[in-house]
Amino acid sequence: MIQAITLVGKRMSEPTQHAGMLPSVRTSLSDSDVVERLSALSRRGKLAGYKQGGRGLFECDAFGQPFDSSLIGSRASENTIGFSLKMKPTLPLIFWVLMVLSIWPGVWLTDSMLRTWFGWYDFNTYLWYLPLTILPLPWIYKKTMPQSRNASIAEAHTIIDRISTTLEGELVTPE
């Protein structure tokens with residue numbers, strides 16, 4: 001696990017390549033046996049958000065911080081299951097829409113509060129409030145998205161290890 005996290009830290013400058021760093025699982029089980037065993041693992045509470053099919057053979061959740069991803073397992077070859085990681089778009093979209101939509105009401109609220117508490121306050125609040133709230137947004141994005149990818153990748157390594165054990169398979173690390 002430590003090795004996986006170190007590997008993630010070295011390659012995060014290539015965010016589109018992060019799925020290629022995930023190991024695959026070599027197993028002799030058929031697709032139906034794989035799905036059956038993983039379904040049983042999910043019922044025991046060891047595979048969050050598991051569902052059969054979807055964009056591959058199966059999908060499950062890989063928790064990130066603050067945004068989660070889906071770990072998608074599909075057949076890479078006859079006896080190998082490959083994995084890819086896709087960030088779930090709903091929560092980041094809601095987060096960014098709320099960030100943007102809360103800025104202008106914040107101008108009104110702050111202006112009203114300052115004019116109520118300080119009788120001498122007679123400035124155009126939006127002139128200082130908008131730059132103060134809009135300029136940090138790129139840095140927030142730059143911090144949260146890679147942080148979420150890193151956390152999801154670390155979680156994916158743990159899940160893939162658990163899947164490999166359940167399928168009595170062998171982990172094949174990418175080169």
Side-chain angles (χ1 to χ4, degrees), residues 1-25 42 45-51 53-74 76 81-118 121 123-163 171 173-175:
M1 181 64 184
I2 300 298
Q3 183 182 16
I5 292 171
T6 306
L7 178 65
V8 169
K10 290 180 183 173
R11 302 258 327 253
M12 274 320 295
S13 61
E14 304 167 15
T16 56
Q17 298 294 337
H18 70 277
M21 298 183 320
L22 297 175
S24 52
V25 175
S42 172
K46 304 291 184 187
L47 200 56
Y50 173 80
K51 65 181 175 184
R55 294 176 272 191
L57 185 59
F58 62 88
E59 286 185 36
C60 61
D61 292 338
F63 299 115
Q65 181 64 27
F67 307 123
D68 298 337
S69 296
S70 291
L71 180 65
I72 303 162
S74 54
I81 298 174
F83 295 93
S84 61
L85 200 57
K86 305 281 186 216
M87 186 175 287
K88 294 181 178 183
T90 308
L91 197 56
L93 180 66
I94 291 170
F95 176 78
W96 290 110
V97 166
L98 287 176
M99 289 288 282
V100 170
L101 292 179
S102 66
I103 291 173
W104 192 250
V107 172
W108 292 337
L109 179 68
T110 304
D111 186 64
S112 171
M113 180 185 65
L114 289 173
R115 289 180 192 281
T116 301
W117 287 359
F118 305 108
Y121 183 80
F123 300 111
N124 291 328
T125 304
Y126 67 88
L127 290 176
W128 61 267
Y129 187 88
L130 291 177
L132 193 65
T133 55
I134 293 173
L135 289 178
L137 290 179
W139 284 278
I140 292 171
Y141 178 84
K142 193 173 181 172
K143 181 181 183 330
T144 58
M145 300 313 274
Q147 177 183 344
S148 292
R149 281 189 212 104
N150 279 339
S152 293
I153 290 170
E155 176 75 9
H157 280 277
T158 304
I159 293 169
I160 292 170
D161 188 41
R162 190 176 301 138
I163 288 172
L171 278 177
T173 55
E175 298 186 20

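Quick caveat: nothing in here was measured; it's all calculated off a predicted structure.
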**Q** Please find the pair of heavy atoms, one from S24 and one from G82, that lie closest to each other, and give the distance.
**A** CB-CA, 4.0 Å
**Q** Can you find a heavy atom in the side chain of S74 that is under 4.5 Å from one in the side chain of I81?
**A** no
**Q** Test T173 against M21 for side chain to side chain contact (heavy atoms under 4.5 Å, CB included), laying out the working first.
**A** CA-CA 8 Å; T173 55; M21 298 183 320; over 6 Å; no
**Q** Kindly give the heavy-atom pair with the smallest separation between A156 and L71, and that separation in Å.
**A** CB-CD1, 4.0 Å
**Q** Taking the side chain as every heavy atom from C-beta outward, state whether W96 and L101 have any pair of such atoms under 4.5 Å apart.
**A** no
**Q** Just wondering, do L85 and F83 contact through their side chains at under 4.5 Å, heavy atoms?
**A** no
**Q** D61: which residues meet the salt bridge (charged side-chain N to carboxylate O under 4.0 Å, His left out) condition with it, sequence neighbours left out?
**A** K88
**Q** Just how far is it from atom CG of L98 to atom CD1 of I103, taken to the nearest 0.5 Å?
**A** 11.0 Å
**Q** The test is side chain to side chain contact (heavy atoms under 4.5 Å, CB included); show your working for C60 and I159 and say whether it passes.
**A** CA-CA 9 Å; C60 61; I159 293 169; 3.9 Å; yes
**Q** Is there a side-chain contact between S69 and E155, using heavy atoms and a 4.5 Å cut-off?
**A**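 Not touching, per the 4.5 Å side-chain cut-off.
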**Q** Would you check if the side chain of R55 reaches a backbone N or O of G73 as a donor-acceptor pair within less than 3.5 Å?
**A** no
**Q** Any non-hydrogen side-chain atom of W117 less than 4.5 Å from a side-chain atom of M113?
**A** yes
**Q** So, taking the atom named CD in E59 and the one named NZ in K86, what distance separates them when rounded to the nearest 0.5 Å?
**A** 10.5 Å
**Q** By side-chain contact (heavy atoms from CB on, under 4.5 Å), which residues pair with L171, not counting sequence neighbours?
**A** P23, V25, I160, D161, S164
**Q** Minimum heavy-atom separation for A62 to S152, with atom names?
**A** O-OG, 3.6 Å
**Q** Please answer whether the main-chain N or O of L109 pairs with a side-chain N or O of S112 as donor and acceptor at a distance below 3.5 Å.
**A** no
**Q** Just do the side chain to side chain contact (heavy atoms under 4.5 Å, CB included) check on M87 and S148 with the steps written out, would you?
**A** CA-CA 9 Å; M87 186 175 287; S148 292; 3.8 Å; yes
**Q** Side chains of residues 125-138: which donor-acceptor pairs under 3.5 Å do they make with residues two or more places apart or in other chains?
**A**
{"residue": "T125", "atom": "OG1", "partner": "D111", "partner atom": "OD1", "Å": "2.5"}
{"residue": "T125", "atom": "OG1", "partner": "Y121", "partner atom": "OH", "Å": "2.8"}
{"residue": "W128", "atom": "NE1", "partner": "Y121", "partner atom": "OH", "Å": "2.9"}
{"residue": "T133", "atom": "OG1", "partner": "Y129", "partner atom": "O", "Å": "3.0"}
{"residue": "T133", "atom": "OG1", "partner": "L130", "partner atom": "O", "Å": "3.2"}

**Q** Check whether any side-chain heavy atom of Q147 lies under 4.5 Å from a side-chain heavy atom of F67, and answer yes or no.
**A** no
**Q** Counting distance only, does the side-chain N/O of R162 pair as donor-acceptor with the main-chain N or O of K46 below 3.5 Å?
**A** yes
